[in-house]
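What follows is a set of notes on a single structure, which appears directly below.
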Amino acid sequence: MAGEVDPISPWSLLRGALENSATGLWLLDGVGRDERRHRALSLWDEDMRNRHQHEEDTGHQPSGAGKTGAERRAEIKDIADRLGLPPLTRPGTLQILLAAAPSAGLTVKVGAVWRAASGFAHGRYSPTLRASQPRAALQADNGIHTLALVIDEYQHRSLAQYCHSMLRRLHEHYTARAHAH
């Protein structure tokens, strides 16, 4: 219905905003140009690894002169080698988030809230327990109890605040770098 939002979607949407803000901040926050290059190439390598997996799973091959994910990965690794960078790493979302958090004035608690949002996005049951308020307990004749839970819409407020902090710091960092060049 118009004007209504289901209780799960805000978690998934805020999770996406937090992950992308954290990734941008993590990329810009690297100490020195080589570290920033290493981080960027590591992300590209991971993206092309996922692309290669998709191509393997589906049998898809780029048409014309297009290159496969594996070919692109080889190019990315060659660029890293030419730049004298260390071997590329596989950056995990939580790793990126926790590395970016201090720059935005956040603590590791952001990881806990991200896990809850991730759980909602993946249809897990555990975040429902964290973000719900019990409304009723019903006893059936066979001794089984049913607990009625309602997701508390205010539970995702900290996630929204973390997104705001991360995005604000990303903006500050980006504009500072843009004006420096």
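- By the 4.5 Å heavy-atom criterion applied to side chains, Asp34 and Arg37 are counted as neighbours.
- Connectivity analysis of hydrophobic side chains (ILVMFWY, heavy atoms under 4.5 Å, direct or indirect) links Val31 to nothing; its cluster partners are none.
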request  = List the steps and the verdict of side-chain contact (heavy atoms from CB on, under 4.5 Å) for Leu43 and Trp26.
outcome  = CA-CA 11 Å; Leu43 274 179; Trp26 176 76; 3.8 Å; yes

When the side chains of residues 87-100 are checked against the rest of the protein, which donor-acceptor pairs come out under 3.5 Å, sequence neighbours left out?
unit_1 : atom_1 : unit_2 : atom_2 : d
Arg90  : NE     : Glu46  : OE1    : 3.4
Arg90  : NE     : Glu46  : OE2    : 3.4
Gln95  : OE1    : Gly92  : N      : 3.1

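- For the pair Leu25 and Leu170, the tightest heavy-atom approach, listed with the atom from each and the gap, is N-CD1, 3.4 Å.
- Formation of a donor-acceptor pair under 3.5 Å by the Thr175 side chain with backbone atoms of Glu172 is found in this model.
- The environment of Arg115 atom CZ is sparse: at most 12 non-hydrogen atoms of other residues, nucleotides or ligands sit within 6.0 angstrom.
- You'll find the side chain of Pro62 reaches within 4.5 Å of the side chain of Glu55, heavy atoms only.
- Of all heavy-atom pairs between Ala22 and Met166, the closest is N-CG, 3.6 Å.
- Heavy atoms from other residues, nucleotides or ligands lying under 6.0 Å from CZ of Arg33 number 12 at most.
- With values rounded to the nearest 0.5 angstrom, Arg39 atom CZ is found 11.0 Å from Thr23 atom OG1.
- Expressed to the nearest 0.5 Å, how far CG of Leu14 lies from CD of Gln161 amounts to 11.0 Å.
- Hydrophobic clustering keeps Leu28 apart from Leu83 (ILVMFWY residues linked when any side-chain heavy atoms are closer than 4.5 Å, directly or through intermediates).
- The structure places CH2 of Trp114 at 13.0 Å from SG of Cys163, a figure rounded to the nearest 0.5 Å.
- The CZ atom of Phe120 lies 12.5 Å from the CZ atom of Arg15; values are rounded to the nearest 0.5 Å.
- In this structure, the side chains of Ser42 and His38 come closer than 4.5 Å at one or more pairs of heavy atoms.
- Between Trp11 and His156, the ring planes lie perpendicular to each other; the angle is over 60°, past the 30° to 60° tilted range.
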message = Is there a side-chain contact (heavy atoms from CB on, under 4.5 Å) between Thr58 and His54? Walk through the geometry before answering.
response = CA-CA 6 Å; Thr58 63; His54 174 76; 3.4 Å; yes

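- To the nearest 0.5 angstrom, Leu27 atom CG is 10.5 Å from His173 atom NE2.
- At distances below 3.5 Å, not a single donor-acceptor pair connects side-chain atoms of Asp78 with backbone N or O atoms of Ala74.
- Residues Leu41 and Ile76 approach most closely at O-CG2, 3.5 Å, considering heavy atoms.
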Cut-off 3.5 Å, no hydrogens considered: what does the side-chain donor-acceptor table look like for residues 63-72, sequence neighbours left out?
unit_1 : atom_1 : unit_2 : atom_2 : d
Lys67  : NZ     : Glu75  : OE2    : 2.2
Thr68  : OG1    : Ala70  : N      : 3.4
Thr68  : OG1    : Glu71  : N      : 3.1
Thr68  : OG1    : Glu71  : OE1    : 3.4
Glu71  : OE1    : Thr68  : N      : 2.7
Arg72  : NH1    : Glu75  : OE1    : 3.0

key: Evaluation steps, side-chain contact (heavy atoms from CB on, under 4.5 Å), between Leu18 and Val110   = CA-CA 9 Å; Leu18 183 66; Val110 70; 3.9 Å; yes

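- Side-chain atoms of Arg49 do not come within 3.5 Å of backbone N or O of Asp47 as any donor-acceptor pair.
- Listed for the Arg36 side chain is a donor-acceptor partner under 3.5 Å among the backbone atoms of Gly30.
- Salt bridge annotation for Lys77-Asp81: absent, with no cationic side-chain nitrogen under 4.0 angstrom from a carboxylate oxygen.
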